[in-house]
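Okay, structure first, notes after.
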Amino acid sequence: MKFIDWLGGIFRPPKSGNYNVSSYRATESDTKMALDAYALFAAVEMIASLMSQCEFKTFVDGKEVRGAEWIALNIKPNKNQNASAWKHELISRLLLKGEVLCIQTLDGQMIIADGFNKDPNVVFDSVFTQISREGFLFNTTYYSSDVIYLTSEVNAMAAWLQSTMVEYERLMQSAATRFHNADGERGTLNISSMARGQPEFEEYFNKLTNDYFKGYFKSKNAVLPLWEGYTYNVQNQSKAGSYTNDMTAVKTLADEAISRAAQVFGIVPSYMRGDSSGIRESQAATLTNAIKPRARTVSTELTGKIYTIDEILRGCRIEVDTASILHHDLIEDAGKIDKLFGAGWSHNEIRPLLGQPTSSEAWADEHFITRNYETIDAAIAEGGETDARKE
C-alpha cells in the first residue's frame, strides 16, 4: 500500500487541525514470515547434505566389493547426475514429501521420479504408474518389488512444525515491527484553516504527502519544505538501545524456532545453528539420532530390492557407511588409532574410517595384536585360573 493511499484513506477530506503522519515503512511489516518453511528446509538440507557424503558399500557373499552396483550408487547413478547429487535429492524428497520413488531403466540408470501414481496393495505388489521425470513420462508399469520406494514420517513432522511455528511467527512479527520502527519518525501535521482555503491546496497537499514526506522519511538528512499555514511536529523520540534490543529479540526467536525444528528431526540444535562449542559431541549425537536411522532405512530398502533372498542369506547387502561424516584429527586421535591396531585391525580396515584410501600393499591387510591381548585359556595356562579371572 502506498503512503498516499494509506494517509488519504484515513484523513480524507483534510480539515483544519492536527493530522497524524506515519512513516510509509510501517506497512511493510504485514509480510508473513514463514518460519515453518525456513526451519523445515534448514533441517532437511543438513540431513541431505550429510548423507550425500556417505559411501554406499556393497557386499557380495559377505565380502566388500566394488562392482556395477557400487559404481551406480557412488559414482554415476544416471547420465545426468553424479552420485552426490542423486543421494542429496533422494533424501531431500524423502524428508520433504514423505516418500520418494526411484526406478531402474533398461540401460541400468537409476532415476528419481518427479511424480507418480501409486495403487497400494496389502497382499500383492503395489503398482506405480504415470512415472515422470522433468517432463518425460515413463509408460512402463512398475511394481513395488522392482523399484526403490522409501517413506518417511515427514507429514506428521511438518504438521507439528507448522502448528508450533505459528506462535513464533506472531512473536517475531511483533519484534520485527518494533525493529523496523525503532529508528522511524512519527509526528503531526497542523494545517490552518487559511491554508485549507487556498485554491492550490489539494495539489500542494498531494505533492507534500506523496513526494516531500516520502523523501523526508527515507533520507538520513533532509529538509522538508512547508508553506505558511503548515506545521510539522515530531511526536516520538527513539529510546536509546531499543533498536539493538529489538534486533536481538528477532534473532533469539529465530534461533528458538530453528532449535524446535532440529529436535524434531533428531539434530542437535547447537549443531544446526553452527555453534562451535562442543562441535564433536553435537556431531556425534546428530549422527546417532538423525543420520543412522535414515541410513538404515535406505540400506535395507536397497538390499531388499537389489539382491534376492538367497543372495541376502549368503551375505550380499548394501550398507550406507556414515563413518565419513565425522571429522577425525589424526594427531588428536593417534592414541585411539593405535589401540585399534593393537586390537587386531588392519591398516586397510582403519584407513577408510579416517577418510583415507586403502593401500594396495600386502602388509596393509595384515593383522597385528599386542601382547596384552590373549585368550582366557592362554591366561589360565600361564597364571592360573584365579589370577586370570581377576584380570
Side-chain angles (χ1 to χ4, degrees), residues 44 47-60 64-155 290-322:
V44 169
I47 294 175
S49 296
L50 290 174
M51 291 196 66
S52 67
Q53 303 175 32
C54 298
E55 178 186 359
F56 286 21
K57 293 186 175 182
T58 57
F59 294 82
V60 176
E64 185 179 353
V65 298
R66 292 189 173 185
E69 290 87 0
W70 185 89
I71 294 175
L73 294 171
N74 295 281
I75 304 296
K76 200 69 176 174
N78 58 65
K79 295 180 179 180
N80 297 302
Q81 281 183 307
N82 58 40
S84 180
W86 182 85
K87 295 172 187 176
H88 192 287
E89 182 180 355
L90 183 77
I91 302 303
S92 294
R93 286 186 178 273
L94 172 63
L95 296 178
L96 287 174
K97 296 181 175 295
E99 60 179 356
V100 60
L101 176 69
C102 181
I103 63 173
Q104 189 169 29
T105 61
L106 294 177
D107 59 350
Q109 296 189 71
M110 301 181 71
I111 306 294
I112 298 174
D114 284 334
F116 59 90
N117 291 332
K118 179 188 176 185
D119 184 12
N121 196 301
V122 177
V123 179
F124 302 102
D125 279 359
S126 297
V127 180
F128 296 88
T129 57
Q130 298 295 308
I131 300 172
S132 62
R133 173 72 183 188
E134 295 183 355
F136 180 82
L137 182 65
F138 294 87
N139 294 320
T140 306
T141 298
Y142 287 85
Y143 298 91
S144 57
S145 57
D146 303 321
V147 301
I148 297 170
Y149 179 68
L150 300 166
T151 60
S152 171
E153 67 284 6
V154 67
N155 291 335
I291 305 301
K292 285 190 175 181
R294 294 174 174 90
R296 178 63 178 170
T297 299
V298 175
S299 298
T300 53
E301 176 68 8
L302 290 173
T303 298
K305 298 301 174 63
I306 293 178
Y307 299 113
T308 64
I309 294 177
D310 290 337
E311 289 173 332
I312 294 173
L313 291 174
R314 294 202 314 266
C316 297
R317 66 185 187 276
I318 305 292
E319 285 188 6
V320 178
D321 184 16
T322 60

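Values reported hereafter were calculated over all heavy atoms of this structure, with side chains retained and with hydrogens, waters and symmetry mates removed. Since this is a predicted model, take the numbers as computed values, not measurements.
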* Are the side chain of Asn78 and the backbone of Met110 linked by a donor-acceptor contact shorter than 3.5 Å? -> yes

* Give the intermediate values and the outcome of side-chain contact (heavy atoms from CB on, under 4.5 Å) for residues Thr129 and Asp119. => CA-CA 8 Å; Thr129 57; Asp119 184 12; over 6 Å; no

* CD/Gln104 to NZ/Lys305 distance, rounded to the nearest 0.5 angstrom? -> 12.0 Å

* Polar side chain donor-acceptor pair, Asn82 to Ser84, under 3.5 angstrom -> no

* **Pairs satisfying ring-ring contact (aromatic ring centres under 6.0 Å, His included), at least one member in residues 72-129, at least two apart** => Phe116-Phe128, Phe128-Tyr149

* Asked: Just wondering, are more than 12 heavy atoms of other shown residues or ligands nearer than 6.0 Å to CZ in Arg296?
  -> no

* Just do the side-chain contact (heavy atoms from CB on, under 4.5 Å) check on Arg294 and Leu95 with the steps written out, would you? => CA-CA 10 Å; Arg294 294 174 174 90; Leu95 296 178; 3.4 Å; yes

* Asked: Quick one: SG on Cys54 to NZ on Lys292, what's the gap to the nearest 0.5 Å?
  -> 10.5 Å

* Structure fact -> Heavy-atom closest pair (Ala48 atom, Ser92 atom, distance to 0.1 Å) is CB-OG, 3.4 Å

* Asked: Is the shortest side-chain N to carboxylate O distance from Arg93 to Asp114 below 4.0 Å?
  -> yes

* Structure fact -> Distance col, row Ile148:CD1 vs Ile306:CD1, nearest 0.5 angstrom, shows 5.5 Å

* To do: Dump the intermediate steps for side-chain contact (heavy atoms from CB on, under 4.5 Å) on Leu137 and Gln130, then the final yes or no.
  => CA-CA 7 Å; Leu137 182 65; Gln130 298 295 308; 3.9 Å; yes

* Structure fact -> From the list Ile112, Leu150, Val147, Ile111, side-chain contact (heavy atoms from CB on, under 4.5 Å) partner of Leu101 resolves to Val147

* **Flag side-chain contact, heavy atom, 4.5 Å: Asp125 against Asp146** => no

* Asked: Do Val127 and Asn121 touch side chain to side chain, with heavy atoms closer than 4.5 Å?
  -> no

* Can you see which heavy atom on Gln81 is nearest to which on Pro77, and at what distance? => O-CD, 3.5 Å

* To do: May I ask you to test the Tyr307-Leu302 pair for a side-chain heavy-atom distance under 4.5 Å?
  => no

* Within-4.5 Å side-chain heavy-atom neighbours: Ile312 and Arg317 -> no

* Asked: Would Lys87 and Asn74 satisfy side-chain hydrogen bond (donor to acceptor under 3.5 Å, both in side chains), going step by step from the backbone distance to the final call?
  -> CA-CA 9 Å; Lys87 295 172 187 176; Asn74 295 281; 3.3 Å; yes

* Asked: Where is the tightest heavy-atom contact between Ser299 and Ile318, given as atom of each residue plus distance?
  -> CB-O, 3.4 Å

* Would you say Glu311's side chain and Thr308's backbone share a donor-acceptor pair under 3.5 angstrom? -> yes

* Asked: OG1/Thr58 to CH2/Trp70 distance, rounded to the nearest 0.5 angstrom?
  -> 8.0 Å

* Any chance you could measure Met51, atom CE, to Leu94, atom CG, to the nearest 0.5 Å? => 8.5 Å

* Point-to-point distance, once rounded to the nearest 0.5 Å, from CD1 of Ile131 to OH of Tyr142 -> 6.0 Å

* Side chain of Glu64, backbone of Lys57: donor and acceptor closer than 3.5 Å? -> no

* Asked: Do Val60 and Glu69 have side-chain heavy atoms sitting under 4.5 Å apart?
  -> no

* To do: Inspect the surroundings of CG in Leu313 and state if more than 12 heavy atoms from other residues, nucleotides or ligands are less than 6.0 Å away.
  => yes

